[in-house]
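In what follows, a structure is listed as structure tokens, so that the remarks can point back to it.
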Amino acid sequence: MAVFGYEMDEHRASSSRRRRSLYHNLGGGRFADIIFWKNKKESGTILAVFTLIWFLFEVVEYPFITFICQILLLSIFIFLIWSYIGSSQLIQSKPPSINDLRISESTWRFLFNKINWFIIKLYDISSGKDFRLLFLAVVSLWILSVVGNYFSSLTLLYIVFVGLETIPMLYEQYEEELTYAASKSGRDMKKLLNKFNSKVINKIPKAQAKTRRTM
């Protein structure tokens, strides 16, 4: 019990450093704030919108082209009525201007930077500098390709998005317990492999020993 308490204290002492590193590894900006639910209203709204889109296209099987056209028609009518009411001064709020509807250059720059980061990271993994990371990427992509045979693309993207919005938050809340359990499992597995090597693998006759005996 004393050893368990000492190890848990060590994990708690370094938990804040690991949490900060995980937050900053995700960019530490608006994306990380959404993933870690720093702004619960914005994160909940995005999750609700993705859930609604998944429900319409996968459960209700709503046609995509029809959905886009109806959204555009609804937007046209909203802006038309808003412009008419705003010009007649019946309400105080005015419709947005053209400059308000433009996507800023910083947003495009952020998207292109993320795409460039992904391409560079993919090339770096493919170069084979880190064999462990290369093996992990290959296995992950293979598993994803197998899972993709049983789910539609939209359902798979929705599952990935829900995982991104839930797993980091749950990890942040239960980081000490999960880290301790993972490290303990790793130590137990290492002991088991060492015992297996000493009792089984090391007792297998070597090929060189057999050749020496025959000579």
Side-chain angles (χ1 to χ4, degrees), residues 19 21-82 95-96 98 100-126 130 132-175 178 182:
R19 186 178 296 114
S21 63
L22 179 61
Y23 178 81
H24 289 296
N25 285 336
L26 292 176
R30 189 173 182 180
F31 176 76
D33 291 339
I34 294 173
I35 295 301
F36 281 93
W37 290 74
K38 301 297 182 181
N39 188 343
K40 293 182 174 58
K41 184 178 180 180
E42 186 176 5
S43 299
T45 302
I46 294 175
L47 180 60
V49 170
F50 269 80
T51 303
L52 179 61
I53 293 174
W54 174 81
F55 179 80
L56 287 175
F57 293 141
E58 291 296 324
V59 180
V60 184
E61 296 183 353
Y62 204 77
F64 178 74
I65 300 298
T66 303
F67 175 77
I68 295 297
C69 292
Q70 290 182 353
I71 288 294
L72 292 176
L73 286 172
L74 182 62
S75 301
I76 290 174
F77 282 118
I78 289 175
F79 283 118
L80 178 64
I81 296 173
W82 196 357
I98 296 178
D100 295 332
L101 299 176
R102 289 178 178 174
I103 301 177
S104 62
E105 294 182 1
S106 60
T107 302
W108 290 114
R109 195 179 300 113
F110 172 78
L111 293 176
F112 283 123
N113 287 335
K114 291 299 181 182
I115 294 174
N116 289 330
W117 174 86
F118 177 77
I119 295 174
I120 294 172
K121 194 69 176 178
L122 182 63
Y123 177 79
D124 186 54
I125 294 173
S126 304
D130 190 346
R132 179 182 176 186
L133 187 60
L134 176 63
F135 178 77
L136 182 62
V138 171
V139 172
S140 301
L141 290 175
W142 180 78
I143 293 175
L144 190 62
S145 64
V146 173
V147 173
N149 293 326
Y150 302 96
F151 298 96
S152 64
S153 300
L154 184 60
T155 300
L156 195 59
L157 288 174
Y158 178 71
I159 293 174
V160 171
F161 176 76
V162 172
L164 284 175
E165 275 217 335
T166 54
I167 293 176
M169 181 185 62
L170 293 175
Y171 177 78
E172 185 183 33
Q173 293 180 355
Y174 303 101
E175 184 176 3
L178 291 174

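Model, not experiment: these values are computed from the prediction.
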Can you tell me if D124 uses its side chain to pair, donor with acceptor, with the backbone of I120 under 3.5 Å?
-> no

Measure the OG1-CG distance between T166 and L47 for me, rounded to the nearest 0.5 Å.
-> 8.5 Å

Quick one: side chain to side chain contact (heavy atoms under 4.5 Å, CB included) partners of R109, sequence neighbours excluded?
-> E105, S106, N113

Using residues 135-146 as the side-chain source, report each donor-acceptor pair under 3.5 Å to any protein atom, sequence neighbours left out, with the distance given to one decimal.
residue: S140; atom: OG; partner: L136; partner atom: O; Å: 2.7
residue: S145; atom: OG; partner: L141; partner atom: O; Å: 3.4
residue: S145; atom: OG; partner: W142; partner atom: O; Å: 2.6

Going by heavy atoms in the side chains, are E165 and W37 under 4.5 Å from each other?
-> yes

Rounded to the nearest 0.5 Å, how far does CZ of F112 lie from CG of N116?
-> 8.5 Å

By side chain to side chain contact (heavy atoms under 4.5 Å, CB included) - contacts of K41 (at least two apart) | N39, T45

Could you go through residues 62-71 and list every donor-acceptor pair under 3.5 Å that involves a side-chain atom there, pairing it with any protein atom two or more places apart or in another chain?
residue: Y62; atom: OH; partner: Q70; partner atom: OE1; Å: 2.4
residue: Y62; atom: OH; partner: Q70; partner atom: NE2; Å: 3.4

Which atom pairs, donor and acceptor, lie under 3.5 Å between side-chain atoms of residues 154-164 and protein residues at least two apart or in another chain?
residue: T155; atom: OG1; partner: W54; partner atom: NE1; Å: 3.2
residue: T155; atom: OG1; partner: E58; partner atom: OE1; Å: 3.4
residue: T155; atom: OG1; partner: S152; partner atom: OG; Å: 2.9
residue: Y158; atom: OH; partner: T51; partner atom: OG1; Å: 2.9

To the nearest 0.5 Å, how far apart are CG in L134 and CD1 in I125?
-> 8.0 Å

Approximate separation, where rounding is to 0.5 Å, of L133 CG and S126 OG | 9.5 Å

